[in-house]
Structure formats: C-alpha cells, structure tokens
Amino acid sequence: MRTARLDLLPLLVEHAEEMAQVLSDPALHTFIGGNPDTPQALRSRYQRMTAGSPDPAVSWLNWVIRLRDEACLTGTVQATVSPSSHGPVAEIAWVVGTAWQGRGIATEAARGLVDWLSQQPVQAVIAHIHPEHQASAAVAAAAGLTPTDEWHEGEIRWCRSIRQ
C-alpha cells in the first residue's frame, strides 16, 4: 500500500532489528502495557505473526510503515480480520515510534489501511482505544471511526461500518 508519504510494507522477520529501535521507547507502552521488545524477542514475535493465525477463519495482516523521504521504518499498522454474525470484521491497530510522532504518520497510515480494507470483503473496521489516549482517538476519528458505548478490556470500542 502507498499513501502520499508512506509505503505500508508487508511485515517481514527481517524488519525486527530496525523496528526494535523504532519501538524502543518505554513511553509507547503507557497505554498498552509491557516493555519494549529486544531485537531477538521482536524477531520471534514477527516469526509467529508472519506464520499467520492458527485459526483458518482469522487473517493476521501486518505492515511496517516506511517514511519514503527518510527511507526509514517508523511504526506498524495491523488488521485482524475475523468472521462475525454480520460478515468479516477487521480489528485494527497502529503504533508509531516516538521520534516520528506528531507528524501525521499514524493518521496517514491508518487512513491508508482503512481505505484498503474498504476494498476488501469487510463489513466493519474496529479499534480499541484507551480512554485517556487522545492521540489514538484523534487517529481513529481521522480514519472515519467513531466511539461506541462498548468497552473491551478497559478500552473504548471505535467502529466504522464499511458495508451495511
């Protein structure tokens, strides 16, 4: 996928080394918990992710965000497409390294992802956002998602219907 400034490249195990640096700031884990992965741990995680979901009905779709002008990776976007009673639903998430935040990269990447998903057989796009994470809420809103009254593990469910 390609946007004005970004290339969304399918995740590869080989991205782990550079992405470990991109995601090394502990502040990125304020709302999601945990700690930054070492390059080795991230490599193992990426091996599991690129192998795909153990459930054949679920698709794991993962991309790294490459800022074209700087020729560097800046974060990730992902979608987990699962069946639902209304048809396939995509749960999305994004993360951009601290050094690249505040430049609209997450918004551009999330919009690109949602635009791409709208061309797939997906009924809705969902994101779960911590109620205090204003930056992620702004990204979700810019990608056309709206908050719902539903909560999931302490986060607000945001949704955008693609097809009705």
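Here the structure is a predicted model, which is why all the values come from computation and not from measurement.
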Measuring from atom [atom1] of [X] to atom [atom2] of [Y], what distance do you get when rounded to the nearest 0.5 angstrom?
X	Y	atom1	atom2	value
Leu61	Leu8	CG	CG	12.0 Å
Leu67	Thr74	CG	OG1	6.0 Å
Asp115	Gln120	CG	CD	11.5 Å
Leu12	Gln47	CG	CD	12.0 Å
Ile105	Trp94	CD1	CH2	15.0 Å
Met49	Gln78	CE	CD	5.0 Å

Check for a donor-acceptor pair, side chain of [X] on one end and backbone N or O of [Y] on the other, with a separation under 3.5 Å.
X	Y	answer
Arg5	Arg66	no
Asp55	Ala57	yes
His29	Ile32	no
Thr30	Ala27	yes

Show, in sequence, the C-alpha distance, side-chain angles and deciding distance for Trp63 and Trp116, and conclude whether the ring-ring contact (aromatic ring centres under 6.0 Å, His included) test is met.
CA-CA 12 Å; Trp63 296 267; Trp116 182 82; 5.4 Å; yes
Close side-chain approach of [X] and [Y], heavy atoms under 4.5 Å:
X	Y	result
Arg48	Ser44	yes
Ile92	Val114	yes
Leu9	Arg2	no
Leu23	Asp37	no
Val81	Trp60	no

List the steps, then state whether side-chain contact (heavy atoms from CB on, under 4.5 Å) holds for Ile65 with Leu73.
CA-CA 6 Å; Ile65 303 167; Leu73 302 182; over 6 Å; no
Let me have the donor-acceptor pairs involving side chains of residues 139-153, under 3.5 Å, with sequence neighbours excluded, atom names and distances please.
from	atom 1	to	atom 2	distance (Å)
Thr146	OG1	Cys159	O	3.4
Thr148	OG1	Glu150	N	3.1
Thr148	OG1	Arg157	O	2.7

Taking atom types as modelled and ignoring hydrogens, do the side chains of Glu91 and Thr80 form a donor-acceptor contact shorter than 3.5 angstrom?
no
Criterion side-chain contact (heavy atoms from CB on, under 4.5 Å) on Val122 and Val89, from CA distance to verdict:
CA-CA 6 Å; Val122 170; Val89 173; 5.7 Å; no
Test side-chain contact (heavy atoms from CB on, under 4.5 Å) on Ile162 and Leu117; report intermediate values, then the result.
CA-CA 9 Å; Ile162 302 294; Leu117 287 166; 5.7 Å; no
Closest non-hydrogen atom pair between [X] and [Y], with its separation:
X	Y	result
Pro131	Ile156	CB-CD1, 3.9 Å
Cys72	Trp100	SG-NE1, 3.8 Å
Ser84	Gly87	OG-O, 2.6 Å

Cluster overlap Met1 with Met19, hydrophobic side-chain contacts below 4.5 Å:
yes
Are Ile129 and Phe31 linked, directly or through other ILVMFWY residues, by side chains that come within less than 4.5 angstrom of each other?
no
Stepwise side-chain contact (heavy atoms from CB on, under 4.5 Å) test for Ile126 and His128
CA-CA 7 Å; Ile126 297 167; His128 296 101; 3.8 Å; yes
side-chain hydrogen bond (donor to acceptor under 3.5 Å, both in side chains) pairs, two or more places apart, involving residues 12-28:
Asp25-Thr98
Positive for side-chain contact (heavy atoms from CB on, under 4.5 Å) with Gln123, one of Pro88, Pro83, Ser85, Ser161:
Pro88
